[in-house]
Amino acid sequence: MTKMSKMHKRVIAAHGAMLALSALSAAPAMAQATSTNELQTVTVTAQRRTENIKEVPVSVSAVKGEKLDVIVSGGEDIRVLAGKVPSLNIESSNGRTFPRFYIRGYGNTDFSLFASQPVSLIYDDIVQENPILKGFPIFDVAGVEVLRGPQGTLFGRNTPAGVVKLESEKPNLKKVEGYYNATWGSHNTVNLEGAVNVPLSDKWAMRVSTLRQHRDDFVNNYSDLARTNKTGELDGYNEHAERVQFLYTPDSTFSALFNVHQRTTSGSARLFRANLIKKGTNDIADGYDLNSIVTNAQNFQDLKTQGANLRLSWDLGAVKLYSITGYEGVDHYHSRGDIDGGIIGGPGVVPFQVQTASRLTDLTQYSQEFRVESKNTGPMNWQAGLYYFDEDATGGSDNFDSVTQAQTSRVISNQKNKAWAAFGSVTYAVNDAFTLRGGLRYTDDKKDFATLEHTNVTLIGPAGISESKSKVNWDLSGTYKLNRDVNLYARMATGFRAPSIAAASASVPVTVADAETVTSIEGGIKADLFERRARLNFSLYDFEVKNQQLTVVGGNSNVTKLINAAKTKAQGAEFDVEGIVSPSLRVTAGASYNFTEIRDPSLSVNKCAQCTITDPINAAGRVDINGNPLPQAPKWTLNATARYSVPVGDGEFFVYTDWSYRTKINFFLYEAAEFSGKPLLEGGLRVGYNWAGGKYEVAAFGRNILDQRRITGAIDFNNLTGFTNEPRTWGVQFKGNF
């Protein structure tokens with residue numbers, strides 16, 4: 001208890017100081033700004049209605065407009081959002097195709113094809129449940145919202161940690177309009193993006209959006225220690241995605257929006273590098289060449305997904321009715337690579353070779369939601385709905401002989417997951433200053449798992465298993481208007497994630513992690529300052545997860561299995577500020593402190609083969625992980641942007657810079673000197689000119705401009721194999737609107 005109270009005091013003191021410094025430093029400069037320079041109102045749909053972000057009793061951040069355009073300009077995938085708002089981390093051991101999300105340190109490192117995550121990604125109101133679906137590219141997007149804390153009463157699937165919500169730009173009946181965007185950069189990276197809106201009649205409109213991305217292979221690939229036998233190059237990709245939407249609005253009471261989309265990507269799988277980590281440290285090994293790799297395995301990745309959804313709305317006067325129907329599917333996913341990261345004989349130690357592939361041969365996901373919301377002018381409003389989810393996935397993994405490239409084993413499994421829920425919420429304005437909100441959700445979730453094929457693998461235990469669980473969740477929040485510009489809020493919420501199932505392997509049976517639940521308390525302040533020239537959000541939170549689902553990987557062999565921790569505790573704070581310092585200078589800043597701790601004295605895992613364990617070792621030779629932080633959970637994250645502009649001719653010359661920083665992270669459940677990522681600072685710079693009222697823009701940019709290379713993940717069962725973040729890139733961009 002003493003330790004926790006000190007943590008709270010440090011959080012409050014640190015952020016209180018940040019608030020004071022921000023106010024003191026911003027006040028004189030902002031006082032000089034003209035009355036016409038004020039921040040636009042930010043609206044979000046965190047409560048399934050469009051609302052001013054200041055009125056929403058949830059810790060939420062929005063990434064829109066220029067900031068979103070800048071961070072995706074280098075052709076990066078959805079992982080580029082990591083660290084761009086407080087408490088958000090995104091990483092992957094599969095490269096562009098399998099992102100894993102963490103909010104407030106709460107996530108899941110599971111890389112199983114059937115994995116579930118406590119952070120839900122929702123694209124155009126459709127839950128993207130399987131991790132393969134979560135990597136759909138960001139293009140022609142109106143904005144990204146990050147909702148922190150349990151969101152289960154209003155959103156469909158697995159939201160105990162929070163929600164990342166993307167909304168594409170929608171068709172409109174007004175006029176023909178659109179944009180085009182062309183980028184070229186380092187390693188012949190090409191990013192082509194565009195959209196056109198076409199009114200087809202006074203009732204119909206269409207919007208077509210497309211994305212094309214390419215990067216050359218640039219990492220030299222060898223198959224011998226002397227690096228004379230060059231077998232090709234790696235780490236390039238080709239990707240294209242399309243979205244077509246039709247809007248039908250025959251009158252003011254009915255609207256229908258149809259959306260069809262697809263994604264196709266190919267290129268290198270994640271490059272695992274043998275002996276990348278210097279023994280006894282978390283440094284990159286001395287003299288390691290990150291522009292080359294020594295491997296004798298095949299390396300490739302192919303993915304094709306598609307989806308469609310239909311959103312209907314009826315305005316019935318006193319209420320509004322919604323129907324949201326969604327389909328998402330994976331036609332093909334195949335990723336193959338060298339898990340040991342090298343060859344027998346070096347560089348460094350490679351005790352035995354492992355080449356694996358994962359594949360999804362078929363995945364279909366159907367969802368249906370009916371929701372009705374009131375339109376009362378009085379103090380009380382409400383919404384209620386029903387939700388249905390049906391997923392059928394077939395896939396598995398192969399092992400190969402790295403010398404002959406022949407398949408040595410295979411496991412193929414199928415998982416069927418059906419769930420339904422009933423939910424509702426009520427908002428009541430007690431008076432002009434105080435508003436209460438409450439929500440309730442009942443969820444029933446069932447999974448049927450079966451092993452379909454196990455070539456050269458002897459199953460331990462049953463070939464299949466079924467799990468079913470139901471749960472009631474709730475939330476209660478209040479917003480108090482201190483004055484016209486300042487709101488205080490408090491919220492208590494619970495969350496639920498159904499049991500997860502992991503496939504069998506050569507030495508591990510089918511494993512099940514029981515359902516996990518979370519109870520969260522948070523409170524904060526949201527304020528407009530200096531006559532709307534600045535905006536401030538600040539929150540404190542505390543949550544506890546019971547039976548948290550965790551993933552155990554490696555040890556001394558290539559295994560994966562699921563376990564539950566009796567309890568995980570977490571607490572922290574988040575801070576967001578944006579402001580107009582002068583008519584020419586706009587800035588934003590954000591910070592988060594996230595403390596997580598596993599609390600289960602009975603929990604231990606196998607130790608790694610070659611690393612330097614810093615946790616206690618028990619009598620059975622296993623590593624005790626009680627008291628450890630969660631994996632991929634940095635204590636501190638910081639982000640900032642600044643934009644300075646000068647009128648030139650009929651346009652504007654501008655400089656824009658953005659930065660994100662996180663402290664050390666652990667890769668696994670245990671702590672080891674080698675298996676932690678060092679602090680990471682990445683910055684971007686953009687210099688450009690726009691003219692004709694912002695209709696056209698040309699710019700030069702750099703991403704990771706300090707070229708800070710860090711180990712961001714590892715494989716722990718064999719040798720000190722790891723992988724790194726992206727190198728520095730430079731590029732030029734031209735975009736236009738019409």
Side-chain angles (χ1 to χ4, degrees), residues 92 94-100 110-117 120-121 123 126-137 156-158 239-243 259-267 269 298 300-310 325-337 356-368 388-400 407 409-419 445-455 457 459 463-467 498-505 510 560:
S92 176
N94 291 59
R96 298 171 67 87
T97 61
F98 198 116
R100 297 186 289 252
D110 191 354
F111 52 85
S112 163
L113 292 171
F114 309 103
S116 69
Q117 296 181 356
S120 185
L121 185 121
Y123 214 128
I126 304 299
V127 171
Q128 310 293 305
E129 172 66 5
N130 189 282
I132 295 295
L133 299 174
K134 295 180 189 288
F136 195 85
R157 291 280 302 169
N158 291 340
E239 180 153 24
H240 66 89
E242 293 79 35
R243 183 189 303 116
N259 173 320
V260 60
H261 49 272
Q262 81 87 37
R263 175 195 188 192
T264 302
T265 184
S266 62
Q298 293 188 26
F300 61 84
Q301 195 168 80
D302 297 294
L303 172 65
K304 183 174 178 59
T305 71
Q306 71 286 313
N309 56 71
L310 177 64
T325 307
Y327 159 77
E328 300 292 336
V330 176
D331 275 349
H332 172 78
Y333 173 68
H334 192 192
S335 181
R336 180 169 170 177
T356 66
S358 59
R359 63 176 75 235
L360 268 175
T361 55
D362 182 57
L363 182 144
T364 56
Q365 173 194 298
Y366 298 95
S367 61
Q368 175 64 54
Y388 176 74
F389 175 87
D390 188 339
E391 179 191 67
D392 190 335
T394 300
S397 61
D398 302 325
N399 287 321
F400 299 90
Q407 179 185 306
S409 66
R410 166 175 287 186
V411 175
I412 301 294
S413 305
N414 172 265
Q415 178 174 276
K416 293 180 173 64
N417 184 194
K418 293 185 178 182
D445 194 296
K446 182 179 181 181
K447 291 178 179 175
D448 295 306
F449 189 91
T451 305
L452 305 181
E453 179 182 346
H454 51 99
T455 303
V457 174
L459 287 184
I465 195 167
S466 295
E467 287 287 331
S500 295
I501 305 173
S505 64
V510 176
T560 305

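- Relative orientation of the Tyr366 and Tyr327 rings is tilted, given thresholds of 30° and 60° on the angle between their planes.
- The only member of Thr451, Leu113, Val510, Thr394 that meets side chain to side chain contact (heavy atoms under 4.5 Å, CB included) when paired with Ser413 is Thr451.
- Annotation: side chain of Lys447 is not in contact with side chain of Pro499 (no heavy-atom distance under 4.5 Å).
- With no hydrogens or angles considered, a side-chain donor-acceptor pair links Tyr333 and Asn94 at under 3.5 Å.
- Side-chain contact check for Ser500 and Ser116: at least one donor-acceptor pair (N or O, by modelled atom type) lies under 3.5 Å.
- Partners of Asp110 under the salt bridge (charged side-chain N to carboxylate O under 4.0 Å, His left out) rule, at least two apart in sequence or in another chain, do not exist in this structure.
- Contact of the Arg243 side chain with the Asn259 side chain is registered, since non-hydrogen atoms from C-beta on lie closer than 4.5 Å.
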Quick one, Gln301 with Phe98, criterion side chain to side chain contact (heavy atoms under 4.5 Å, CB included). Give me CA distance, side-chain angles, the key distance, then yes/no. CA-CA 11 Å; Gln301 195 168 80; Phe98 198 116; over 6 Å; no

Report the C-alpha separation of Leu363 and Ile132 in whole Å, then their side-chain angles, then the decisive distance to 0.1 Å, and conclude whether the side chain to side chain contact (heavy atoms under 4.5 Å, CB included) test is met. CA-CA 10 Å; Leu363 182 144; Ile132 295 295; 5.9 Å; no

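- Considering OG1 of Thr364 and CG of Asp331, their distance stands at 11.0 Å, rounded to 0.5 Å.
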Go through the steps for Arg336 and Asp398 under the test salt bridge (charged side-chain N to carboxylate O under 4.0 Å, His left out), then give the verdict. CA-CA 9 Å; Arg336 180 169 170 177; Asp398 302 325; over 6 Å; no

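- Put simply, the side chain of Ser335 never gets that close to the backbone of Ser358: no donor and acceptor are under 3.5 Å apart.
- Of the inter-residue distances, the one linking Arg359 atom CZ with Leu303 atom CG reads 14.0 Å to the nearest 0.5 angstrom.
- You'll find the side chain of Ile412 stays beyond 4.5 Å of the side chain of Thr361, heavy atoms only.
- The line from CD of Gln368 to CG of Leu310 is 8.5 Å long, rounded to the nearest 0.5 Å.
- Under 3.5 Å, the side chains of Gln365 and Ser367 contain no donor-acceptor pair of N or O atoms.
- At a threshold of 4.5 Å between non-hydrogen side-chain atoms, the residues Phe136 and Gln128 do not count as touching.
- With hydrogens and angles disregarded, no donor-acceptor distance shorter than 3.5 Å links the side chain of Arg410 to the backbone of Gly396.
- Closest approach of Val411 and Ala504 over heavy atoms only: CG1-O, 3.8 Å.
- Considering all non-hydrogen atoms of both residues, Gln117 and Pro99 come closest at NE2-O, 3.3 Å.
- Note that the NZ atom of Lys134 and the OG atom of Ser92 stand 12.5 Å from one another [nearest 0.5 Å].
- Atom CZ of Phe114 sits about 11.5 Å away from atom CG of Asn417, to the nearest 0.5 Å.
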Please assess Ser397 against Thr356 for the test side chain to side chain contact (heavy atoms under 4.5 Å, CB included), listing each intermediate value before the final yes or no. CA-CA 7 Å; Ser397 61; Thr356 66; 5.9 Å; no

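- The minimum heavy-atom distance between Ile126 and Gly326, with the atom names listed, is CD1-CA, 3.7 Å.
- There is a side-chain donor-acceptor pair under 3.5 Å between Lys304 and Gln262.
- Atom CG of residue Asp392 and atom CG of residue Asp448 lie 10.0 Å apart, to the nearest 0.5 angstrom.
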Candidate pair His261 and Tyr123, rule ring-ring contact (aromatic ring centres under 6.0 Å, His included), full reasoning: CA-CA 11 Å; His261 49 272; Tyr123 214 128; 7.4 Å; no

